[in-house]
Asker: 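Mind having a look at this structure? Questions to follow.
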There are 2 protein chains.
Amino acid sequence: MTAVRVMLVDDQHLVRAGFAMVLESADDLTVVAQAGDGQEALDLLATIEVDVVLMDVRMPVLDGIEATRRAVASRPGVRIVVLTTFDLDESVTAAIAAGASGFLLKDAAPEDLIEAVRTVARGDSVIDPVSTRRLLAHAAPLLAAPTTAPGSAAAPELDLLTPREREVLVLMGEGLTNAEIAERHVVSEATVKTHVGHVLAKTGSRDRVQAVALAFRAGLVR
Amino acid sequence: MTAVRVMLVDDQHLVRAGFAMVLESADDLTVVAQAGDGQEALDLLATIEVDVVLMDVRMPVLDGIEATRRAVASRPGVRIVVLTTFDLDESVTAAIAAGASGFLLKDAAPEDLIEAVRTVARGDSVIDPVSTRRLLAHAAPLLAAPTTAPGSAAAPELDLLTPREREVLVLMGEGLTNAEIAERHVVSEATVKTHVGHVLAKTGSRDRVQAVALAFRAGLVR
DNA sequence: ACGCTCCTCCCCCCACGGGTGGAGGCCGGA
DNA sequence: TCCGGCCTCCACCCGTGGGGGGAGGAGCGT
C-alpha cells in the first residue's frame, strides 16, 4: 500500500517541523504539504491529493475549526485531525461539529500521533481521553435528549421533594448558607437544616454540592 | 497511591476470569468484585467501594446499558466502561447517553484494556476508534445545532483559573470531596485545598457551592 | 541569574454543614 | 377520630471545608 499523505497546518514553523519529523519517522506516512493558516490550507487542498490533515485550532486569517468545516465541505474524502495546545476550551465540540475525525492535544506522545493518523486514514476516529471526557459531557445529554421531556422528568428524585424542600434546594443552588436560607424564609436555621437533610436523603446526595449539581442538571436552577 | 478497584460484570464466568487475569497482571489495578448480571452489580455497588466497573452490554435480568444508567445515578463517583463483543449496533450511543465513561470492544488488546481502566480511573474517558467513528456520526449533527459558543464569554472570572484549578473546579462540580479529588489527581488533600482556595478567591465565591454554581452556569460542567 | 507563576505540601484553627434523635402543631384523608 | 405527612424547632456531636500563613521545587521569560 502507498503511504498515507499528510498535510500539516500550523502557524508555527517549528511545530510543523517537529510534527513532520515525527510523522516521517513512520515509513507508512509522508508529509506532502504544509500550510501556515487555514486559508492557505484550503488553497493547497484544492490542488494537492491529501489523505489526512493535521490542523491546529488557533491560527491567523482562518482558524482550524472553520477551515475544517470548509475542507470537509469541499473535499469530503479528506480526514482531519484537529490539534490544540490546551483542552481548556470547548473546541473539541466545535471540531467534531465541524466534521473532524480526530482531536488530540499537542503534547501527545509521538507514537500516539502516528497511530492517530493511521487510525483516521483507515476511516476510524480518534479523540484523546481528556477531550473525550469533555466531548461526552456535551454529547451525553444530547444523545439522551430524544427520550426525555422537559421539566422534572430528567430527575425523578426531585419529584419526591415537598414544596418547602424544593424551595430550600433552589436557594442552596443560589449559593446561600443555611443561615441565609433561614433568614430568607423567616424560619430558624434548625428548620432549614432539617429540610436540607431531607433533600439530601431524597436525592441520594452526600452533601449540598451534589444536591445543587442535581438541581442544575434538572433545570431547577440556572 | 492505592490500587484502582475494579468490578467485573459479565454473565460468562470465563470472560470474567480472563479479564480478571489481565487486570491483576497490572499491579496498580485490583479486581474487588464480580457480578453475573446488572442487578447483581447494582446490589454489590451499594455495599462495596469500587472505582471502575467493566460492564458487558448483553446480560440477563438487567442489561449493561440500564445498569450503567442506574449505577451512575446512585453512585456518581463510579466510572463505568461498557464492553461489547460486536460494535454492529448503536450501543455506543446508548452507553454514552447512560453515563458510561468508556466504551471498548472485547477483542481489545490486554494492554489497551488496562490502559482504559487507568484512564477512566483518573477521570478521563476512552472510546475505541471504531466506536468513536460511530459515535461521532450520531453526535456531530447534534453538536452542530447550537452554533453558539457558551463558556468563557459568560464567566470571565473563570479565565483567571490555571489549568489545574479548572480541573479541580470541574471535579467539585461532580460533587467530589477534596479527598476524592486528591485521589483522582493523585496529589495530597492539602494541595487540593490550596487549589480550591484559589478557585474561590478568583471566582469571588464564598464556598464551593457558589463556585460550582458558577461552573454550571458557565457550562464548565453539566 | 533573577523573578515570576504554578504546583506541591505542611501546620493550626474553627465555623459551617450534616447526622442523630428527638419535640410539638397543623392539616387532610381513612 | 386517628393516622400520617408536612413544617417548625431543639440539643449534641463531629467531620469536612475553608482561612491564614508559610515553604520548597519546577518551569519560563527576562
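As the structure is a computational prediction, the values presented were derived from the model and not from experiment. To find a chain, count down the sequence lines: A is the first, B the second, and so on, and within it residues start at 1.
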Asker: Taking atom NE2 of B:H198 as the centre, report whether more than 12 heavy atoms of other residues, nucleotides or ligands fall under 6.0 Å from it.
Answerer: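 No, not enclosed.
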
Asker: Please indicate whether B:R206 has more than 12 foreign heavy atoms, meaning atoms of other residues, nucleotides or ligands, lying under 6.0 Å from its CZ.
Answerer: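 For B:R206, atom CZ is crowded (more than 12 foreign heavy atoms under 6.0 Å).
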
Asker: Which one, C:dG17, C:dC6, D:dC10, comes nearest to the side chain of A:E189?
Answerer: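 Of all the options, the side chain of A:E189 is nearest to C:dG17.
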
Asker: For D:dC10, does OP1 or OP2 lie under 4.0 Å from any side-chain N or O of A:S188?
Answerer: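 Result: yes.
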
Asker: Closest approach of A:L83 and A:K106, non-hydrogen atoms and distance?
Answerer: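 Nearest pair, atom of A:L83 first, then A:K106: CB-CG, 4.2 Å.
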
Asker: Could you check how far NE2 of B:H198 sits from P of C:dC7, rounded to whole Å?
Answerer: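 Distance check: B:H198 NE2 to C:dC7 P gives 9 Å.
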
Asker: Given atom CD of A:E165 and atom P of D:dG5, what is their separation to the nearest angstrom?
Answerer: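 So the CD-P distance, A:E165 to D:dG5, works out to 13 Å.
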
Asker: Show the numbers, then the answer: is there a side-chain contact (heavy atoms from CB on, under 4.5 Å) between A:D128 and A:D112?
Answerer: CA-CA 9 Å; A:D128 78 274; A:D112 288 345; over 6 Å; no

Asker: Figure out the CG/P separation between B:N178 and D:dG18, and round it to whole Å.
Answerer: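 It is 6 Å, rounded to the nearest whole Å.
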
Asker: Report the distance from atom CG of B:L171 to atom P of D:dG17, rounded to the nearest whole Å.
Answerer: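 Those two atoms, CG and P, are 13 Å apart.
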
Asker: Could you work out which one of C:dG19, D:dC9, D:dG19 sits closest to the side chain of B:L200?
Answerer: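 Closest nucleotide among those given: D:dG19.
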
Asker: Would you say B:T177 reaches D:dT16's phosphate, i.e. side-chain N/O to OP1/OP2 under 4.0 Å?
Answerer: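 No, because none of the side-chain N or O atoms of B:T177 sits under 4.0 Å from OP1 or OP2 of D:dT16.
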
Asker: For the side chain of B:T162 and the base of C:dC7, is some donor closer than 3.5 Å to an acceptor across the two?
Answerer: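 By the distance-only test, no, there is no pair.
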
Asker: When the distance from CZ of A:R166 to P of D:dC6 is rounded to whole Å, what number comes out?
Answerer: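 Taking atom P of D:dC6 as the reference, CZ of A:R166 is at 11 Å.
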
Asker: As a test of reading the structure: which of C:dC9, D:dG19, D:dT8 is closest to the side chain of A:H195, going by heavy atoms?
Answerer: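 Closest nucleotide among those given: D:dT8.
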
Asker: By nearest atom, which of the nucleotides D:dG19, C:dT8, D:dC9 is closest to the B:K193 side chain?
Answerer: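 From the listed options, D:dG19 comes nearest.
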
Asker: Figure out the CG/P separation between A:L169 and D:dC7, and round it to whole Å.
Answerer: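 Between P of D:dC7 and CG of A:L169: 14 Å.
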
Asker: Does one side chain, of A:T194 or A:T191, offer a donor that lies under 3.5 Å from an acceptor on the other?
Answerer: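 No pair is found: no donor N or O on one side chain lies under 3.5 Å from an acceptor on the other.
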
Asker: Would you indicate whether A:E180, at its atom CD, is surrounded by more than 12 heavy atoms from other residues, nucleotides or ligands within a distance under 6.0 Å?
Answerer: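 For A:E180, atom CD is crowded (more than 12 foreign heavy atoms under 6.0 Å).
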
Asker: Measure from the side-chain heavy atoms of A:V196 and tell me the nearest of C:dG18, C:dC7, C:dC9.
Answerer: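 Closest nucleotide to the A:V196 side chain: C:dG18.
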
Asker: What are the two closest non-hydrogen atoms of A:L176 and A:R208, and how far apart are they?
Answerer: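 Heavy-atom minimum between the residues: O-NH1, 3.0 Å.
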
Asker: Find which nucleotide of DNA chain C each of B:D207 and B:R164 is nearest to by heavy atoms, and output the residue with the more 5' nucleotide.
Answerer: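 Mapping each residue to its closest nucleotide by heavy atoms, the 5'-most match is B:R164.
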
Asker: Starting at CZ of B:R206 and ending at P of C:dA15, how long is that distance when rounded to a whole Å?
Answerer: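 After rounding, the reported distance stands at 16 Å.
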
Asker: Which angle, to the nearest 10 degrees, lies between the helix axes at the two ends of the helix from C:dA1-D:dT30 to C:dA30-D:dT1, each defined by five pairs?
Answerer: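 The end-segment axes of the helix from C:dA1-D:dT30 to C:dA30-D:dT1 are tilted 40° relative to each other.
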
Asker: How many whole angstroms separate atom NZ of A:K202 from atom C1' of D:dG5?
Answerer: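 Rounded to whole Å, this separation is 9 Å.
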
